[in-house]
Visitor: 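Dropping a structure here in structure tokens format, bear with me for questions.
Numbers for residues simply follow the sequence, beginning at 1. Values below: every heavy atom of this structure, side chains too, minus hydrogens, waters and symmetry copies. Because the structure is a prediction, the values reported are computed rather than measured.
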Amino acid sequence: AARIEGLVVSLGGRPVAGARIVRREPGARPSRWVRNDGPAQIVEVAVADESGRFEADDVEPGECLLVARLPNHLPGNPLELDLIAGEAMRGLVLELDPGGAVEGRTLDAAGDPAPGVSVFARVRRGRGSPEWRESTAVIRGALSDAEGRFRIEGLEPVKGLVVQAEIGEVEAMEFVVPPASGVVLR
């Protein structure tokens, strides 16, 4: 096994606590966490402490990518490593990107706050498709608070980002981001 030691920081260089440190095989899809027929292609190896520092003693040697993950953050660029059994790699620095955010309010037809509304950020896959459920993928979501406010964080700037509110199965409204002013869904 190999040893790794390092620090997780934001793009501005501040330490980030609580990030999961993940070892990924080259070519492994980021969503594929476990294989039942062989070794895992993606394995969590450490968690950053309150000062952003991490260490792990029993990391599988070999070529790999090391990346930090944290809810509501975009993973930074992975480090390409060649870990050698019995040796330590120190001074590793992994960056996390807080990404963008969309915030706004959900209002009912009378203009009053609508609490408890599910709001989603989606990426539209097909231009002009009326079948949004089939043409979009949910990236992140939030629930509006008592004043109808919501905030969705950790968004990557992509073309076709849509913010949509739903009450049960009923679509309330959607906006293509970025809107001209604050997002208000009625």
Visitor: Work out which heavy atom in Ser51 is nearest to a heavy atom in Pro15; give both atom names and the distance.
Guide: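 Taking Ser51 first and Pro15 second, the nearest heavy atoms are O-CB, 3.2 Å.
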
Visitor: Measuring only between side-chain heavy atoms, which start at C-beta, is Val8 closer than 4.5 Å to Ile21?
Guide: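 Touching, per the 4.5 Å side-chain cut-off.
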
Visitor: How far does CD of Glu87 sit from CD1 of Ile4, to the nearest 0.5 angstrom?
Guide: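 Glu87 CD to Ile4 CD1: 14.5 Å, rounded to 0.5 Å.
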
Visitor: Nearest 0.5 Å, please: how far is CG in Leu11 from CD in Glu95?
Guide: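 Nearest 0.5 Å value for the CD-CG distance: 5.0 Å.
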
Visitor: What is the minimum heavy-atom distance between Pro115 and Ala146, and which atoms define it?
Guide: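 The pair with the smallest heavy-atom distance is CB-CA, 3.7 Å.
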
Visitor: Return the minimal non-hydrogen interatomic distance between Pro61 and Ala1, and the atom names on each side.
Guide: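 Between these two residues, the closest heavy atoms are CD-CA, 4.2 Å.
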
Visitor: Which value, rounded to the nearest 0.5 Å, describes the distance between Arg149 atom CZ and Arg105 atom CZ?
Guide: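 If I round to the nearest 0.5 Å, the distance is 7.0 Å.
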
Visitor: Supply the atom-to-atom distance Ser10 OG to Leu96 CG, rounded to the nearest 0.5 angstrom.
Guide: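 If we round to the nearest 0.5 Å, Ser10:OG and Leu96:CG are 8.5 Å apart.
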
Visitor: With rounding to the nearest 0.5 Å, note down the distance linking CD in Glu80 to CG in Leu66.
Guide: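 The CG atom of Leu66 is 11.5 Å from CD of Glu80, to the nearest 0.5 Å.
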
Visitor: Which atom names give the shortest non-hydrogen contact between Phe150 and Ser144, and what distance separates them?
Guide: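 Heavy-atom minimum between the residues: CB-CA, 4.2 Å.
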
Visitor: One pair to check against side-chain contact (heavy atoms from CB on, under 4.5 Å): Phe54 and Leu92. What are the steps and the verdict?
Guide: CA-CA 9 Å; Phe54 65 88; Leu92 301 173; 4.3 Å; yes

Visitor: Same cluster or not: Val22 versus Leu7, using hydrophobic residues (I, L, V, M, F, W, Y) connected whenever any side-chain heavy atoms lie under 4.5 Å apart?
Guide: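 No.
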
Visitor: Closer than 4.0 angstrom, basic N to acidic O: yes or no for Glu153 and Arg151?
Guide: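 Looking at Arg151 together with Glu153, the answer is yes, because their closest N to O distance falls below 4.0 Å.
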
Visitor: Could you tell me whether Arg3 and Glu55 make a salt bridge, using a distance below 4.0 angstrom between a side-chain N and a carboxylate O?
Guide: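 So Arg3 pairs with Glu55 through a salt bridge.
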
Visitor: Do the side chains of His73 and Asp97 get nearer than 4.5 Å, heavy atoms only?
Guide: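 Of all side-chain heavy-atom pairs linking His73 with Asp97, none is under 4.5 Å.
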
Visitor: Please name the pair of heavy atoms, one in Val16 and one in Ala48, separated by the smallest distance, quoted to 0.1 Å.
Guide: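 For Val16 and Ala48, the tightest heavy-atom pair comes out as O-CB, 3.7 Å.
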
Visitor: Are Arg53 and Asp49 close enough, and set up right, to give a salt bridge (charged side-chain N to carboxylate O under 4.0 Å, His left out), and what steps lead you there?
Guide: CA-CA 5 Å; Arg53 300 206 172 280; Asp49 66 16; over 6 Å; no

Visitor: Are more than 12 heavy atoms, taken from residues, nucleotides or ligands other than Asp82, located less than 6.0 Å from that residue's CG atom?
Guide: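 For Asp82, atom CG is crowded (more than 12 foreign heavy atoms under 6.0 Å).
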
Visitor: Taking all non-hydrogen atoms of both residues, which atom of Val67 and which atom of Leu94 are closest, and how far apart?
Guide: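 Taking Val67 first and Leu94 second, the nearest heavy atoms are C-CD1, 4.1 Å.
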
Visitor: Is there a chain of hydrophobic side chains (I, L, V, M, F, W, Y, each step under 4.5 Å between heavy atoms) that links Met89 to Val43?
Guide: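 Linked, Met89 and Val43 end up in one cluster.
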
Visitor: So does Arg23 pair up with Glu25, basic N to acidic O under 4.0 Å?
Guide: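 A salt bridge is present here (some side-chain N lies under 4.0 Å from a carboxylate O).
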
Visitor: Under a single-linkage definition using a 4.5 Å side-chain heavy-atom cutoff for Ile, Leu, Val, Met, Phe, Trp and Tyr, are Leu65 and Val47 assigned to the same hydrophobic cluster?
Guide: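 They do not share one cluster, since no chain of ILVMFWY contacts under 4.5 Å joins Leu65 to Val47.
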
Visitor: Measuring only between side-chain heavy atoms, which start at C-beta, is Leu143 closer than 4.5 Å to Val119?
Guide: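 Contact flag for Leu143/Val119 side chains = no.
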
